[in-house]
Amino acid sequence: MPNIRVSTTPPTAELPTVELPPIAADVLVIGGGLSGTWAALAAAQAGARVVLADKGYCGASGVAATSGPGHWWVPPDADARAEAIRQRTAIAGGIADPAWMERILDITWTTLPTIADVYDFSTDETGRVQYRGLRGPEYLRAMRRKIHKLGVRILDQSPALELLAESGGTIVGARGLRRQRGEAWTVRAGAVILATGGCAFKSRLLGSHTNTGDGHLMAAEAGVDFSGMEFSTYHTVAPAHSTMTRSMSFAFATYYDGEGREIAVPPGDATRTLARAMLEGPVLCSLHRMPADIRERLRRVQPNMMLPFDRGGSDPFTHRFPVLLRPEGTIRGSGGIRLADDDCGTAADGLFVVGDAATREPVAGAVSGGGAILAAWALSSGVIAGRAAAARAACHGRRTDTPARPLGQAGLRPARHAASVDPRAVTAAVQAEMLPYDKTIFRRGPALARSLSRLDGVWSDLRDHLDGEGAATAGETVQARESAALTAVARWCTRAALVRPESRGMHLRVDAPASHPALARRLTVGGLDRLWSRFDGDAPQPLDSPVPTQAGAA
Amino acid sequence: MISLVIAERCTGCQVCVRVCPTNVFDAVRGGPPVIARQQDCQTCFLCELYCQPDALYVDPDCETPAAVSAEEIERSGQRGRYRRDSGWDEWAGDPRYANEHWRMDQIFARARALS
Ligand SMILES: Cc1cc2nc3c(=O)[nH]c(=O)nc-3n(C[C@H](O)[C@H](O)[C@H](O)COP(=O)(O)OP(=O)(O)OC[C@H]3O[C@@H](n4cnc5c(N)ncnc54)[C@H](O)[C@@H]3O)c2cc1C
Ligand code: SF4
Ligand code: SF4
């Protein structure tokens, strides 16, 4: 039996976590949201034995399960496809890749209809089947059924904590907890796919609470870098105190300031206009412009949209209601784990990444791919990585018997002595830098530098002292690890925002509002204790070197 | 935020314990689960969809826990409404609750035409 036990201290009486015997698989998928279920499906169809672990419940977890993903859906007509790609490339800030776009259009078109045995696609008045947009809860429930039928072993309520690597760095599995049972799981696999979603810093964006950047931290511990982390400033309007970030109805919105004056919202700039107004005072909204026939069918289109009103006792069509903007971090941003090849492989051998955990720059560029591209990417990257991971496992084997070590550090095993660090205080400190509109929507160099130095302080404290492994309960271990991941992602986002001394796409530097043609390049950030960054084509820039202040510096 | 397990309606199936993405409930053998970690609730309403006896109520306020009684929920007509509007389980196939999600594009187009 290989020794893959992780705990170096014997479990204490209050810590009855039982290590389960390792499970052997060809492919391990970490995360059971939209991209993870597509990856598991593709790998299983390719003949692999697949295990999928989700922090919550595969079928209800993740941001797609609570929304209604519309896919990028263009028929296989050469002109139509070329035109769709041209339009998206034109707004992508010069960093997208039309070849990737073409690929995901094709995979989405051919693959989405293949779940018709488990998802009841609607037909329109003319009898045409409508594939493009699916209702989230039904879609994810269907994906669960589909992968279950194919024999995928699903571990629910089973957050992954860390990856396992051979001495040469090849990733051969992961370890996590079954949090409702006080058990620790280990999966040994020939390939591992990270599908842990983006990270919205627990902003209360609908469905995003389990997406705390755990996969990002695991990837970094395996030596993998990130790209586009500055593109992490997308926001969505929602009724105040609610999670209901469903934007469709707000296409009919009229907004007012605290004095009751209408706020003019220029097309394409709603977020910045509303954020500016919100920094000044309350913003109210009315949906009176929504036509009666649409009001009547709203609950059949989006059954959850009206819940805040129906249950809060207000009528959005006749009464003004307060609204806010929920930050989305990297979720409908476009930054994430860097891809190393066309198979969604990463720089770590044996490790793949899909969906929102990956950088979406190839398909969306510097703007958000929400509304079409992100779902198509989640599906397609899942299909691509699932197949590639299955092929890899078929030729490298399951690697169950090679010695492996766990890679988890910050939040699990303190670098120095264990001391009391409160994960809730860590999360609050991260949120204080990542959620306020004036720090993220309207970025400024000096404020970013201050944020980064505060976040670095939070990081070194938790890295040195936070002892997740020694926590009394599985829930506390998970929370500790999440707080480390949130801090890590916040630092990469902030570092990237600081070193891109211009504005591009969703990244707005108030102190450098223009885009600089020389910077129409991707920006990589990496590192755990010491961060570094590099524009594509440049030499790496360590933290200590001066950050350029002029757009022309590069 | 999740605010109530309506004990009289709950069959003790523990489905909500399994499906809650943020692990809010603790299972209770043969009885209604307890809301053990209310502050972890992400206000996604999905437990309501999976609770066929409609024994759960999620308040739309995701920041402050609401104190509501089973009687108030019953009077409001909101108990089970989200599951019904979604056309789940016994409501499947009822044309009043058909899935018209696919109309989203048309609706966006109407909004653009109006502005
Ligand atoms: C409100 C809203 C509406 C949207 N609408 C659209 C749309 O119309 N069109 C479109 O293209 N895109 C849309 N998107 C984006 C789209 O939903 C996402 O791009 C897509 O869900 C990404 O899939 P994913 O699997 O990467 O992430 P998710 O679906 O979020 O899944 C991530 C999963 O990882 C799990 N996880 C996290 N950490 C761990 C861990 N440590 N161990 C195990 N599991 C873990 C989570 O529990 C979760 O289940 C929308 C997003 C939002 C927020
Ligand atoms: S799902 Fe509903 S019926 Fe089942 S245990 Fe939960 S509250 Fe009770
Ligand atoms: S609303 Fe969502 S997070 Fe809250 S208890 Fe229900 S399923 Fe869990």
B:Y82, part contacting chain A, at a heavy-atom distance under 4.5 Å: both
Contacting moiety of B:D105, where chain A heavy atoms sit under 4.5 Å: side chain
Heavy-atom pairs under 4.5 Å with chain A, option from B:R37, B:R81, B:R112 with the top count: B:R81
A:F252 to B:R110 - nearest heavy-atom pair and separation: CE2-C, 4.3 Å
Which atom of A:V301 lies closest to which atom of B:E100, heavy atoms considered: CG2-O, 3.5 Å
Closest approach of A:G207 to B:Q42 (non-hydrogen atoms, all atoms of both residues): C-OE1, 3.1 Å
A:T243 side chain vs B:T43 backbone, donor-acceptor pair below 3.5 Å: yes
Contact listing (chain A partner; residues 47-55 of chain B; heavy atom under 4.5 Å): B:E48, B:L49, B:Y50
Flag side-chain contact, heavy atom, 4.5 Å: A:T66 against B:P21: no
A:H241 vs B:T64 side-chain heavy atoms within contact, under 4.5 Å: no
Best-contacting candidate, A:G56, A:A251, A:A240, A:S122, against chain B by heavy atom pairs under 4.5 angstrom: A:S122
B:T22, part contacting chain A, at a heavy-atom distance under 4.5 Å: both
Beyond-backbone contact of A:R299 with B:Y97, side-chain heavy atoms, under 4.5 angstrom: no
Contacting region of B:V17 [heavy-atom separation from chain A under 4.5 Å]: both
Taking every non-hydrogen atom, the tightest pair across A:R300 and B:P95: CD-O, 4.3 Å
